[in-house]
Amino acid sequence: MSFVRVRYAPSPTGAPHIGNLRTALFNWLWARHNDGKFILRVEDTDQAREVDNGLELIMESLRFLGMNWDEGPDIGGAYGPYHQSERLAIYKKYADELIEKGAAYYCYCTPDELKQMRQEQEARGEPTRYDRRCRWLTPEQRAEREAKGLPRVVRLAVPLEGSTTLPDFIHGDITIPNADVDDQVLMKSDGFPTYHMAVVVDDHLMEITHVMRGDEWISSFPKHILLYNAFGWTPPQFGHMPVVLGPDKKKLSKRHGATSITQFRDEGYLVEALVNFMALLGWAYDGERELFSRDELIQAFTLDHIHSSPAVFDRAKLDWMNGYYIRGLETGDLAERLLPFLTRAGIEADLETVKKIAPLVQERLKRLDEIAPLVDFIFQQEIEYDPKLLLGNKMNAAESLNALRNAGEVLDNFPSFDDEHALEQELRAASEKLGLKPAQFFGILRVAVTGKTVTPPLVGTMKVMGKGKVMERVERALRELEKMARAGSVV
RNA sequence: GCCGCGUUCGUCUAGUGGACCAGGACGCAGCCCUCUCAAGGCUGAGACCACGGGUUCGAACCCCGUACGCGGCACCA
């Protein structure tokens with residue numbers, strides 16, 4: 001089996017979103033599946049669009065998702081440097097080679113001229129393309145321009161006839177007439193390469209075997225293949241992956257809310273879920289199985305199951321999957337992951353307590369950030385609630401009061417709440433004796449103790465809270481009910 | 001405008017000429033379980049495979065056209 005070298009080559013223009021990282025993930029999975037290398041390369045050839053901490057944001061995202069790279073700008077490697085901005089001399093050398101071969105030429109057209117040319121083409125309803133006026137310059141004309149020291153760019157001399165077929169393992173072969181391909185700028189006048197020049201040179205020099213990138217590149221794909229041809233190089237295998245769409249079927253963007261992976265992390269999504277979910281965005285195993293651990297993904301991932309059609313990002317399914325992974329966590333692990341979310345919500349919780357709470361909430365959470373509203377009452381000194389909630393289902397104040405008194409007595413008879421099981425038995429017995437449904441009886445006690453109608457299992461929760469705090473709250477609820485009962489009897 | 005890519009339940013998808021009156025998952029509805037909420041179990045609704053023509057004994061799968069969606073058309077990546 002031949003060695004696999006793949007790369008993720010972002011430009012540092014901001015935090016990568018799910019779409020970008022999905023592309024990175026597929027490359028990473030393919031590298032790991034084949035025991036190959038995953039390379040991080042920075043495409044920083046456009047100084048204008050660059051963001052200060054762009055690279056840092058990218059590396060943070062990759063690290064969070066557990067996609068480690070074998071070569072990259074921070075760790076180096078045998079094929080460096082990994083910043084394109086540090087490879088300028090290399091691109092220059094290869095551009096010169098192309099010029100010598102006659103596969104590229106210097107163009108002296110100014111941006112204004114080009115703009116005007118395009119406007120005229122548009123007015124005539126023609127496709128907008130460079131008209132190649134500099135391609136046909138005589139040696140004398142060329143020398144004249146050089147003597148003037150005019151700024152120049154290097155353009156690819158695209159064959160005038162014939163066609164180019166683009167091998168793509170996702171879409172299948174695509175064939176394009178060369179007449180439709182523009183004489184692409186390879187080197188800008190500032191000495192920087194364009195993306196097209198840089199990717200081809202770097203992918204070749206770095207011995208990249210497979211290029212998986214976004215669909216938006218397919219229209220410039222011919223230029224890349226033509227470049228490989230011009231150099232006489234064998235191109236790597238290409239696969240253009242479909243874009244990821246938002247719920248409105250538009251390309252995923254800031255408008256769709258959390259787009260950077262770190263935002264998902266802050267909302268309480270687990271890496272495990274995120275990785276699994278992203279893998280399914282444009283890839284499927286067999287249509288049946290969709291839950292995969294990282295190792296299982298590496299094992300199962302193959303190129304032939306990547307799709308060619310775009311996928312809509314479905315938040316509901318991510319939530320479900322996240323819940324699935326939360327349920328699968330060790331409770332100690334869950335507690336540790338939960339703690340920061342409690343702290344951030346202003347709740348002073350300690351790990352020990354959270355460890356006791358974890359099993360109670362584990363199967364109720366879809367996201368870690370749901371923890372605070374679920375258990376805040378445990379940590380609060382005073383709880384606020386509408387006393388009317390203390391009324392049991394289909395019960396009046398007097399009946400509810402009586403039920404809670406009974407519950408209070410049962411509770412008070414226990415020196416501590418450590419024996420959860422016994423506590424529950426006694427409470428049930430009391431409920432039955434009163435002829436109440438457990439739902440009614442526990443419902444009243446629930447509101448008394450927690451101030452909420454929806455909580456984790458009550459008895460287990462009371463055990464965590466401890467007798468003192470529970471009894472205080474029961475006392476207070478009793479007073480509320482007494483008040484209501486008196487008012488009721490007067491009326 | 002030109003060039004290209006795409007089109008199977010609301011969503012993600014299985015499917016590569018007969019095993020498909022199209023299977024799974026999320027979501028949705030109902031039931032069971034149940035101290036609330038979840039989780040879990042079961043059941044159900046939901047796709048004339050974008051549309052129209054071919055090819056074939058036979059098409060979701062092959063060919064052609066149309067519609068719609070998306071992408072590109074930069075000295076951006």
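- Once rounded to the nearest 0.5 Å, the distance linking NZ of Lys469(A) with CZ of Phe417(A) reads 13.5 Å.
- Rounded to the nearest 0.5 angstrom, Ile444(A) CD1 and Ser431(A) OG are separated by 9.0 Å.
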Show every donor-acceptor pair shorter than 3.5 Å between a side-chain atom in residues 120-127 of chain A and any protein atom, with sequence neighbours excluded, or say none if there are none.
residue   : atom : partner   : partner atom : Å
Glu120(A) : OE2  : Gln116(A) : NE2          : 3.1
Gln121(A) : OE1  : Arg129(A) : N            : 3.0
Gln121(A) : NE2  : Arg129(A) : O            : 2.7
Arg124(A) : NH1  : Glu126(A) : OE1          : 3.2
Arg124(A) : NH1  : Glu126(A) : OE2          : 3.0

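- Separation of the C1' atoms belonging to A60(B) and C49(B) is 4 Å when rounded to the nearest angstrom.
- Rounded to a whole angstrom, the distance from the P atom of G30(B) to that of G23(B) is 24 Å.
- On the P atoms, C20(B) is 44 Å away from G1(B), given to the nearest whole Å.
- Here the separation of C26(B) from C21(B), taken at their P atoms, is 25 Å to the nearest Å.
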Could you list all N or O pairs between the protein and nucleotides 38-41 of chain B that sit under 3.5 Å apart?
residue : atom : partner   : partner atom : Å
A38(B)  : O2'  : Glu363(A) : O            : 2.5
A38(B)  : N1   : Glu363(A) : OE2          : 3.0
A38(B)  : N3   : Glu363(A) : OE2          : 3.2
A39(B)  : O4'  : Glu363(A) : O            : 3.4
A39(B)  : O3'  : Arg327(A) : NH1          : 3.2
G40(B)  : OP1  : Arg327(A) : NH1          : 3.2

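- G71(B) and C28(B) have their C1' atoms separated by 34 Å, given to the nearest Å.
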Got a list of protein N/O to nucleotides 47-51 of chain B N/O distances below 3.5 Å?
none

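- Across all strands shown, Thr453(A) has heavy atoms under 4.0 Å from base atoms, whether or not it also approaches the sugar-phosphate.
- Contact annotation: side chain of Thr194(A) to base of C75(B), donor-acceptor pair absent below 3.5 Å.
- Between the side chains of Tyr8(A) and Asn20(A), no donor-acceptor pair is found at a separation under 3.5 Å.
- Residue-level contact check: Thr45(A) touches the backbone only, with heavy atoms under 4.0 Å from sugar-phosphate atoms and none from bases.
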